[in-house]
Amino acid sequence: MSLLLALIVLIPLLSSVLIGFLYLYSITQKRLATLWFTIPALLAPCASFVLGVVSFVYVAKGDIPLHFQPYLWLGVGGHNIYMGFLGDKLSLFMVLFITFVGWLIHLYATSYMREDEGYGKFFFYFNLFLSSMLLLVLADGPFIMFIGWEGVGLCSYLLISFYFLDNSNVVAGNKAFIVNRIGDLGFLIGLAILFFYCGEAGFDYASIADKVATMPVWLLQVVGIALFIGAMGKSAQIPLYVWLPDAMAGPTPVSALIHAATMVTAGVYMVARFSFLYELIPHVGLFIAYIGAFSALFAAVIATKQSDIKKILAYSTMSQLGYMFIAVGLGAYSSALFHVFTHAFFKALLFMGAGAVIIALHHEQNIFKMGGMKRVTPVVYITMLMATLAISGIPPFAGFFSKDEILLTAFASGEYLIWGIAVCSAVLTAYYMFRLFFVVFEGKNALHVNHPHDVSWVMKAPLVVLAFGSLFAGFMGLPSLLGGSHLIGTWLGEWGSRALHVSHETEWMLLGLNIAVSLLGIGIAYKKFRFYDLSKHKESTQGIVYNKFYVDELYHLLFVRSIQKLSEFIAVNLDVNLVDRFIMGLSHGFIKLGNVVGVVQNANVRFYALIMMLGISAASCYLIFTLG
């Protein structure tokens with residue numbers, strides 16, 4: 001059974017390799033039909049999902065994790081690191097919705113990318129991305145996790161800059177790659193310290209958990225912050241979030257896969273996986289929770305003024321990830337993972353629905369150039385409404401239950417500032433999401449540049465499936481207050497929710513308040529945008545919020561320009577005027593010396609014989625003089 005864990009990772013990887021070879025053959029020998037790429041592209045995530053279900057059932061029956069170490073990956077001195085796979089409750093929980101939602105996105109992408117010349121290349125990257133994410137969550141130790149961690153970073157770069165003929169897309173891909181490398185530096189520093197202190201007996205999670213308590217507390221705090229810096233980059237939290245909106249340069253299925261179930265959730269998963277470490281340093285956990293809270297509010301504020309449909313959803317992802325970090329920072333790991341689970345459904349649906357609208361409008365992304373899409377794409381309209389209700393926290397949709405649990409955790413933990421920030425974020429979330437929804441689907445007098453059309457059922461069918469998930473996924477974590485039994489928290493066990501000491505009256509009050517603030521946001525959006533006349537809209541590009549608080553410009557000034565100036569100084573003043581002048585002066589000296597020596601190196605045998613005779617004579621004279 002343990003072999004199944006390796007197969008879950010290997011099948012998408014081998015599928016990616018096969019698609020890559022087929023694509024090379026297609027562009028060099030004979031153009032192949034899209035079916036040659038579609039079959040392995042769809043079979044791989046489906047097979048991994050089936051194997052994940054089998055592994056999940058096996059672990060559920062025996063309550064014993066699966067562990068597979070096929071070979072020694074790295075041996076340094078007495079330190080051995082194995083290529084290991086761990087199928088415990090946490091990793092298999094992640095595998096199930098990664099592969100299921102990933103398969104739906106793959107199916108959607110076969111229609112979305114059908115006319116693209118790089119169809120085969122796209123699925124080569126796509127399946128490699130999926131394989132990397134599965135390796136990340138199934139790794140039995142942080143070094144093997146880091147391979148998958150870097151794999152999703154590489155694939156995100158390739159997919160974001162997929163349309164590389166447009167320079168702005170390349171810049172966006174570079175930005176994502178560089179910002180994530182900054183975060184990864186922190187991650188590597190944390191791993192290096194852990195390896196130095198805990199790597200003697202092995203470097204899997206179990207070995208680290210046994211040793212980590214012996215480390216000094218101050219050093220644990222350094223490790224905890226360093227690891228979280230990696231999560232800041234991967235999961236787009238303040239201050240390493242700036243790559244996420246620009247990641248919308250890639251095709252929409254890429255946005256759905258990155259934002260829903262894979263790359264951006266890796267940081268949350270990593271913190272949950274290292275829960276044994278963060279439980280020893282609660283102050284660092286509180287720092288994580290505050291970063292999450294401010295990220296959630298900051299992103300929500302920016303989203304209220306954006307006009308690009310994909311960038312609005314990108315900021316909403318950053319905001320929802322902030323909720324997840326509030327939960328893990330406060331030690332409520334199952335609450336965070338519950339929100340990861342529900343978020344996968346409604347966020348994938350939102351991005352795929354947005355992609356369907358973009359295709360229907362011939363690649364238009366400005367919401368104020370849409371409008372009236374309710375009549376053009378009724379299926380997309382209904383499913384997007386369900387997803388928008390879910391992310392806004394309206395019962396009985398999935399996002400309500402998971403978000404309510406996080407807000408309850410913050411309140412019950414006594415962190416009222418975090419709770420207040422999260423509540424404000426919830427109001428803004430409901431507002432900007434229904435602003436998007438009303439303008440796109442209900443807007444009047446739309447000035448469409450091209451005649452809109454409906455999309456194929458290959459694109460709409462995954463939306464319907466995800467709509468059911470957006471409606472029913474929340475019941476998997478239904479709280480006892482509503483007659484449930486916290487199924488996800490019960491399953492996760494050691495990653496379960498913290499014990500919350502609040503009365504049922506308080507719970508009911510908070511639950512009602514959460515609904516009320518969401519309805520408030522929806523009500524404001526309804527009043528402003530329900531009957532919005534798009535013919536009278538004049539889009540403003542002014543204001544600090546529209547311009548994202550000028551953070552990108554500030555980063556460019558502080559870091560990009562300063563490093564560029566430093567590089568120019570080194571290149572001109574140090575390299576040319578100092579290093580080059582010294583090296584060239586030295587070489588000129590050797591050339592002059594060579595010219596002097598070259599006078600006697602003239603290839604004249606008689607001259608050489610004269611020199612030899614003079615040398616022997618001089619030596620003889622010296623000996624006669626010395627010996628008397």
Side-chain angles (χ1 to χ4, degrees), residues 160-161 166-180 182-183 232-233 235-250 255 258-259 264 291-322 350-351 354 358 363-370 421 424-425 427-440 443 521 524-525 528-529 532 534 536-565:
I160 292 167
S161 56
D166 186 339
N167 185 63
S168 62
N169 296 339
V170 177
V171 171
N174 290 340
K175 188 175 183 180
F177 191 81
I178 292 168
V179 172
N180 273 277
I182 295 169
M232 283 179 181
S235 297
Q237 297 295 283
I238 293 173
L240 300 180
Y241 71 92
V242 290
W243 66 272
L244 195 67
D246 293 330
M248 300 301 99
S255 305
I258 289 177
H259 287 246
V264 295
I291 290 292
F294 284 115
S295 296
L297 181 60
F298 185 73
V301 170
I302 294 176
T304 60
K305 290 293 184 178
Q306 298 305 299
S307 57
D308 186 309
I309 187 170
K310 290 174 66 176
K311 288 191 176 183
I312 295 171
L313 296 179
Y315 281 111
S316 80
T317 299
M318 176 183 167
S319 185
Q320 297 305 305
L321 287 165
L350 286 169
F351 267 109
I358 291 169
H363 297 280
E364 177 59 64
Q365 293 186 200
N366 190 326
I367 62 173
F368 294 106
K369 294 181 181 178
M370 297 180 178
I421 293 172
C424 293
S425 302
V427 177
L428 293 174
T429 299
Y431 167 74
Y432 69 71
M433 285 306 306
F434 271 91
R435 167 182 177 262
L436 179 156
F437 180 80
F438 288 138
V439 170
V440 171
I524 297 171
K528 291 186 67 175
F529 299 105
Y532 195 78
L534 291 164
K536 298 179 180 179
H537 173 76
K538 293 183 179 180
E539 189 174 351
S540 173
T541 58
Q542 304 298 318
I544 189 172
V545 177
Y546 180 86
N547 289 287
K548 301 166 287 188
F549 293 93
Y550 298 100
V551 173
D552 286 275
E553 290 78 4
L554 180 62
Y555 281 10
H556 186 79
L557 178 65
L558 292 178
F559 302 113
V560 179
R561 288 294 300 160
S562 60
I563 293 174
Q564 192 174 33
K565 290 290 186 183

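The shown structure was predicted, so the numbers you read here are calculated from the model rather than taken from an experiment. Note that the numbering runs from 1 along the sequence shown for the chain. Only this structure's heavy atoms are used, side chains among them; waters, hydrogens and symmetry mates stay out.
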Can you name the closest pair of heavy atoms from Gly183 and Leu240 and give their distance?
CA-CD1, 3.9 Å
Over all heavy atoms of both residues, which pair between Ser319 and Ala296 is shortest? Give the atoms and the distance, please.
OG-O, 2.9 Å
Any sub-3.5 Å donor-acceptor pair from Ser425's side-chain atoms to Leu297's backbone N or O?
yes
Derivation and outcome, side chain to side chain contact (heavy atoms under 4.5 Å, CB included), residues Tyr550 and His556
CA-CA 10 Å; Tyr550 298 100; His556 186 79; over 6 Å; no
Passes side chain to side chain contact (heavy atoms under 4.5 Å, CB included), Lys528 versus Tyr431? Steps please.
CA-CA 10 Å; Lys528 291 186 67 175; Tyr431 167 74; 3.5 Å; yes
Answer yes or no: is there a side-chain heavy-atom contact under 4.5 Å between Asp246 and Trp243?
no
Gap between atom OG of Ser307 and atom CE of Met370 - 0.5 Å precision:
9.5 Å
Under 4.5 Å between any side-chain heavy atoms of Ile160 and Lys175, yes or no?
no
What orientation do Phe559 and Tyr555 show, parallel under 30°, tilted 30 to 60°, or perpendicular over 60°?
perpendicular
For this output row, return yes or no: ring centroids of Phe294 and Phe298 closer than 6.0 angstrom.
no
Would you indicate whether the side-chain heavy atoms of Gln306 and Tyr432 approach each other to under 4.5 Å?
no
Heavy-atom closest contact (Ser255 atom, Gly250 atom, distance):
OG-O, 4.4 Å
Shortest non-hydrogen separation from Ile258 to Val264 and the atoms involved:
O-CG2, 3.2 Å
Assign the ring pair Phe434 / Phe437 to parallel, tilted or perpendicular, where the plane angle (0 to 90°) is split at 30° and 60°.
perpendicular
Where Ile309 and Ala354 come nearest, the two heavy atoms and their spacing:
CD1-CB, 3.7 Å
Reported CD1-to-OG distance for the pair Ile302 and Ser316, which is rounded to 0.5 angstrom:
12.5 Å
So how far is it from Leu244 CG to Leu321 CG, rounded to the nearest 0.5 Å?
7.5 Å
Step by step, work out the side chain to side chain contact (heavy atoms under 4.5 Å, CB included) result for Ile367 and Arg435.
CA-CA 10 Å; Ile367 62 173; Arg435 167 182 177 262; 4.1 Å; yes
Take Thr429 and Gln320 through the side chain to side chain contact (heavy atoms under 4.5 Å, CB included) test and state the conclusion after the steps.
CA-CA 9 Å; Thr429 299; Gln320 297 305 305; 3.9 Å; yes
Here the gap from Leu350 atom CG to Thr317 atom OG1, rounded to the nearest 0.5 Å, amounts to 8.5 Å
Could you check whether any side-chain heavy atom of Leu313 comes within less than 4.5 Å of a side-chain heavy atom of Met433, counting everything from C-beta outward?
yes
Spatial distance of atom CG (Asp308) from atom CE (Met248) [nearest 0.5 Å]:
9.0 Å
Does any part of the side chain of His259, heavy atoms only, come nearer than 4.5 Å to the side chain of Lys310, both counted from C-beta?
no
Kindly indicate whether the side chain of Ile238, heavy atoms from C-beta on, has any atom under 4.5 Å from the side chain of Met318.
yes
If you look at every heavy atom in Ser295 and Gln237, which pair is closest and at what distance?
CB-OE1, 3.1 Å
